[in-house]
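Written out below as structure tokens is the structure these notes cover.
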2 protein chains.
Amino acid sequence: MTFGEHIRKLREQKQLLLREVASQMHIDTALLSKIERGTRIARKEQVEALAIALKENKNELLNVWMADKIVNMLKDESNSTEILKKVEEEIKNLTNKKQQL
Amino acid sequence: MTFGEHIRKLREQKQLLLREVASQMHIDTALLSKIERGTRIARKEQVEALAIALKENKNELLNVWMADKIVNMLKDESNSTEILKKVEEEIKNLTNKKQQL
DNA sequence: TTAAATTAGACAAATATTGACAAGTCAAAA
DNA sequence: TTTTGACTTGTCAATATTTGTCTAATTTAA
């Protein structure tokens, strides 16, 4: 499930209109439509505003949004698994280094 | 090991100068220096040119580069593990969908 | 010290992103 | 069937970011 699909589902569950949510976010309805359909990428501040408008957990929504951005980077890669392995390794390294401080 | 550290190590192992490699890549020495130090991000075509100049495997170098970009997106996140889990899940989904075609 | 190698800073040019508007589609109500 | 309301699409100017290079440091090695 992409970020757009995710927030559309939430919005529909809550029976809110695009224009209602968009207005709370202080953006154009058309822009929110594009974000839900994945033709535009939301900015971080917009995700935060969205969390408020939808009464969802901000961090959780930001995680979905970030994951979606990474998936988009990897979706055309044949080696995505190998790349992800490298990422995990490196993140582990960074975490260790941080702890040493 | 970041992408920059990686290519610097390779270059030094091969005893090549920044200016030699940069010239082969048709870019300024200063730019390659920044890429190695991580203050500039290489473009895909530059990574490919680098692979040629360093006589390294292109795909492997591209993977290191891509992993580095993802690590940079995640390095300030407290939830990077959770995010990566979502990414893997989604990639798995995409792979399945592709196979269905 | 000198000379070569590397790095930093500043800049214009090129690219990309942004948000809005207007016009479009579509389905359901009148 | 017309109208209405919800959503979508295409386009555009404004803004922001990225790019590569130049020049001027700074570091390094002889």
Side-chain angles (χ1 to χ4, degrees), chain A residues 1-54 56 61-62 64-76, chain B residues 1-54 56 61-62 64-76:
Chain A
M1 176 128 63
T2 66
F3 176 74
E5 288 166 353
H6 184 71
I7 61 173
R8 168 151 294 187
K9 202 180 70 181
L10 291 173
R11 179 174 65 79
E12 288 176 343
Q13 277 171 1
K14 290 161 207 270
Q15 314 217 48
L16 298 167
L17 299 177
L18 268 183
R19 97 176 119 73
E20 295 174 317
V21 176
S23 150
Q24 278 209 65
M25 294 170 67
H26 305 293
I27 61 170
D28 199 286
T29 304
L31 179 50
L32 182 53
S33 166
K34 285 169 188 164
I35 291 170
E36 286 190 347
R37 313 194 79 265
T39 62
R40 276 292 180 98
I41 294 165
R43 300 177 12 179
K44 187 169 189 178
E45 312 84 63
Q46 288 167 343
V47 178
E48 291 167 348
L50 201 43
I52 292 169
L54 295 175
E56 288 287 319
L61 204 55
L62 281 170
V64 175
W65 169 75
M66 179 67 80
D68 191 59
K69 296 216 293 183
I70 294 173
V71 169
N72 271 319
M73 294 176 69
L74 290 174
K75 66 174 193 295
D76 300 319
Chain B
M1 176 129 61
T2 66
F3 176 75
E5 288 166 352
H6 184 72
I7 62 173
R8 168 150 294 186
K9 202 181 69 181
L10 291 172
R11 179 175 64 80
E12 287 176 345
Q13 276 171 3
K14 289 160 208 270
Q15 315 216 50
L16 298 168
L17 298 177
L18 270 182
R19 100 178 122 71
E20 297 173 318
V21 176
S23 151
Q24 278 208 66
M25 294 170 66
H26 304 294
I27 61 170
D28 199 285
T29 305
L31 178 50
L32 182 53
S33 165
K34 286 167 190 163
I35 290 170
E36 286 190 347
R37 305 179 47 71
T39 63
R40 280 290 180 98
I41 295 166
R43 300 177 11 176
K44 188 170 188 178
E45 311 84 64
Q46 289 167 343
V47 178
E48 291 167 348
L50 202 43
I52 292 168
L54 295 175
E56 289 287 317
L61 204 54
L62 281 170
V64 175
W65 168 75
M66 179 67 79
D68 191 58
K69 296 216 292 183
I70 294 173
V71 169
N72 271 319
M73 293 176 70
L74 290 174
K75 68 173 190 296
D76 301 319

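Just so it is clear, the structure is predicted and the values come from calculations on it, not from any experiment. In the text below, chain A, chain B and the rest are named by the order of the sequence lines, each starting its count at 1.
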Kindly check if the number of other-residue, nucleotide or ligand heavy atoms within 6.0 Å of [atom1] ([X]) is above 12?
X: B:Lys14; atom1: NZ; result: yes
X: A:Glu45; atom1: CD; result: yes
X: A:Ile41; atom1: CD1; result: no

Return the value, rounded to whole Å, for the distance between atom [atom1] of [X] and atom [atom2] of [N].
X: B:Ile7; N: C:dT6; atom1: CD1; atom2: P; result: 13 Å
X: B:Leu17; N: D:dT27; atom1: CG; atom2: P; result: 20 Å
X: B:Leu32; N: D:dT19; atom1: CG; atom2: C1'; result: 15 Å
X: B:Glu45; N: D:dT18; atom1: CD; atom2: P; result: 16 Å
X: B:Leu18; N: D:dT26; atom1: CG; atom2: P; result: 19 Å

Quiz item: Is the side chain of B:Arg19 donor-acceptor paired with the backbone N or O of B:Thr29 at a distance under 3.5 Å, no angle test?
Solution: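 No; zero donor-acceptor contacts below 3.5 Å.
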[X] side chain N/O closer than 4.0 Å to the phosphate oxygens (OP1, OP2) of [N]?
X: B:Arg19; N: C:dT6; answer: no
X: B:Arg37; N: C:dA8; answer: yes
X: A:Arg8; N: D:dA6; answer: no

Quiz item: Rounded to the nearest 0.5 Å, how far does NZ of A:Lys9 lie from CG of A:Leu54?
Solution: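 A:Leu54 CG to A:Lys9 NZ: 12.5 Å, rounded to 0.5 Å.
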Quiz item: When all nucleic acid strands are considered with a 4.0 Å heavy-atom cut-off, which category describes B:Gln46: base, sugar-phosphate, or nothing?
Solution: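 Since only primed, P, OP1 and OP2 atoms lie under 4.0 Å of B:Gln46, the category is sugar-phosphate.
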Quiz item: Side chain of A:Ser33: nearest nucleotide among D:dT8, C:dT7, C:dT6?
Solution: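 Given the options D:dT8, C:dT7, C:dT6, the side chain of A:Ser33 is closest to D:dT8.
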Self-check item: Criterion side chain to side chain contact (heavy atoms under 4.5 Å, CB included) on B:Leu50 and B:Trp65, from CA distance to verdict
Solution: CA-CA 11 Å; B:Leu50 202 43; B:Trp65 168 75; over 6 Å; no
Anything under 3.5 Å between a protein N or O and an N or O of nucleotides 20-27 of chain C, put it in a table, one pair a line.
residue	atom	partner	partner atom	Å
C:dA20	OP2	A:Asp28	N	3.2
C:dA20	N6	A:Lys34	NZ	3.2

